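Letters go in sequence order (proteins before strands), and every chain restarts at 1. What you see is a predicted model; the values in this text were computed from it and never measured.
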Number of protein chains: 2
Amino acid sequence: MNSKINTQQKILDAAQNLFAEAGFNDTSLRQITTKAEVNLASVNYHFGSKKELIQAVLQRYLQILMPRLDQEFDVLLAKTKPNHLPDVLAVFVKPLLELNNIQRKGTRTFLQLLGRGYTDVQGHLRWFINHHYGRTLDKFVLLVQQSCPHLPQSELFWRLHFALGSIVFTMASNDALAEIALADFDEAVDIEGVIHRLIPYLSAGIAAPVFNQTTVTPTRTVA
Amino acid sequence: MNSKINTQQKILDAAQNLFAEAGFNDTSLRQITTKAEVNLASVNYHFGSKKELIQAVLQRYLQILMPRLDQEFDVLLAKTKPNHLPDVLAVFVKPLLELNNIQRKGTRTFLQLLGRGYTDVQGHLRWFINHHYGRTLDKFVLLVQQSCPHLPQSELFWRLHFALGSIVFTMASNDALAEIALADFDEAVDIEGVIHRLIPYLSAGIAAPVFNQTTVTPTRTVA
DNA sequence: ACTTGTTTGAAATGTACGTTTGAATCACTG
DNA sequence: CAGTGATTCAAACGTACATTTCAAACAAGT
């Protein structure tokens, strides 16, 4: 009775960890089914295809995280005064860390998967998230706009993607970076530490003044 | 006489464009040799393996760019006073744009390749660049350290990788992002525009104050 | 023109992949 | 306990890949 449900879960659990470590393209169904101790054909039986398995792995987290974020955004949007940008970004922290309650190392795994999703399969995840959770994302963009009224829409667009880049790249490389940090600075860094390091960086970057004339140095020798 | 040299160049040219567009893993030698109009075996004959071809593609740019950067760093290091961070970052602009003289769309292609290199083949490019151009990178880190004396080494390490993430992710997704920007804001953005948009963002992010106590909102209800 | 070393060509090799198939096994119901 | 639908299993299928092979074509020196 629990065998069939167990198979799906075992596949999802094995897949998410392998995907997070090595990326989607570089993880084969054979690796997944071997690790999950299920038959190779069961992935196609239960999920249809590898692509749909990837979506299922991501959905397991997204369907928990996004509604949580949505309600947090609503709270901030209800306030009369615009929120400070660091407070807007800090909204992500609690819902993200709550993923650890769903699954051991849930936060870390999800963020790594997110990183893989954006870098491995170009465009697919971006479309998927926008399609399923566009409403929630719009609320976030609105909040950022309200905190940074000096930023034109197009500038904000680019900066939010710069920020997404920092997050996604950091998470995809998280293991490698944590390893270096440990070796070079004797500093053990968990995912929560990285998140809290990211916030000031992202806040300052996103809210930076628009025309930074110091971009071109005031050297008079330049042609 | 020019046939053999031409073959190598034709392979490199075809490979770099396909790699930049689709990534290293998702570009096959068959696609490359077809586009280059050379025989499939010639890649292995001239470069040994696909891996070595990837290195050759990257090296063609790096061996031009890195010495240029190195000398620019030396100029800034020679100054008696610490440089402002935006000036340090702006050092990249000229050498990067000079890649357009070497090759049409050279800057764009190289930056996309860099993005692919960091996201596709985890760790390899990081090792490769560190191994071949570690000296130059150290100069850059030193310059940033001098401009941001308030930042502990470990904080700087993370922030530089956050910055690398913004760059690499933006460049890997450059086509998709430019497309969205064009559709949503009627705004055509070339690679130079993106670079100049990045500098204020990166400057502010890297130099952000360290302990941002607003990171955690003053909610007393947290357990 | 013949020889020598380099480069190209077409074909084959072996491996890994995602997916499909059909029989065997299981869990449950009437 | 026979029957039925869902699940598992071993095996195979077809495709795509990087790489190798070896003969043919080529360039250059003597």
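- Crowding of A/Gln153 atom CD: a count of heavy atoms from other residues, nucleotides or ligands under 6.0 Å not exceeding 12.
- The side chain of B/Ser42 places no N or O atom within less than 4.0 Å of a non-bridging phosphate oxygen (OP1 or OP2) of C/dT7.
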Query - Residues B/Lys105, B/Asp190; criterion salt bridge (charged side-chain N to carboxylate O under 4.0 Å, His left out); working and verdict - result: CA-CA 10 Å; B/Lys105 301 264 182 195; B/Asp190 59 352; over 6 Å; no

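- Distances shorter than 4.0 Å separate some side-chain N or O of A/Thr7 from OP1 or OP2 on D/dT8.
- Applying side chain to side chain contact (heavy atoms under 4.5 Å, CB included) to B/Leu29 and the options B/Leu53, B/Ile11, B/Thr34 leaves one that passes, B/Leu53.
- For B/Glu179, the CD atom counts as loosely surrounded, since its 6.0 Å shell holds 12 or fewer non-hydrogen atoms of other residues, nucleotides or ligands.
- Residue-level contact check: B/Thr33 touches neither bases nor backbone, having no heavy atom under 4.0 Å from any strand.
- Rounded to whole Å, atom P of D/dT7 lies 14 Å from atom NZ of A/Lys10.
- Atom NZ of A/Lys50 is separated from atom C1' of C/dA16 by 11 Å (rounded to the nearest Å).
- One can place CG of B/Leu53 at 15 Å from P of D/dC17, the figure rounded to the nearest angstrom.
- Between A/Phe128 and A/His124, the gap from one ring centroid to the other reaches at least 6.0 Å.
- As rounded to whole Å, 12 Å separates atom C1' of D/dA18 from atom CD1 of B/Ile54.
- For the pair A/Tyr45 and A/Ser28, nearest-nucleotide mapping onto DNA chain C gives the more 5' position to A/Ser28.
- Side-chain contact, B/Glu52 with B/Ser49: a donor N or O sits under 3.5 Å from an acceptor N or O.
- Rounded to a whole Å, the CG atom of A/Asn44 is 14 Å from the C1' atom of D/dT8.
- Each side chain to side chain donor-acceptor pair (under 3.5 Å) pair with one or both residues in residues 58-70 of chain A, not counting sequence neighbours, appears once here: A/Gln9-A/Arg60, A/Asp13-A/Arg60, A/Gln16-A/Arg60, A/Gln16-A/Tyr61, A/Gln59-A/Tyr133, A/Arg68-A/Glu72, A/Arg68-A/Glu98, A/Asp70-A/Thr136, A/Asp70-A/Lys139.
- Rounded to whole Å, the distance from CG on B/Asp26 to C1' on D/dA16 is 13 Å.
- The shortest side-chain heavy-atom distance between B/Leu143 and B/Val91 does not fall under the 4.5 Å cut-off.
- Distance B/His46 NE2 to D/dT19 P: 15 Å, rounded to the nearest Å.
- Across its full length, the helix from C/dA1-D/dT30 to C/dG30-D/dC1 shows an angle of 10° between the axes of its 5 terminal pairs at either end, rounded to 10 degrees.
- B/Ile11 places its CD1 atom 13 Å from the C1' atom of C/dG9, with the value rounded to the nearest Å.
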Report summary line: Readout for nucleotides 10-15 of chain C: B = base within 4.0 Å of protein heavy atom, S = sugar-phosphate only, - = neither; 5' to 3' it is B-----

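- Within the 4.5 Å cutoff, side-chain heavy atoms of A/Leu177 are placed close to those of B/Trp158.
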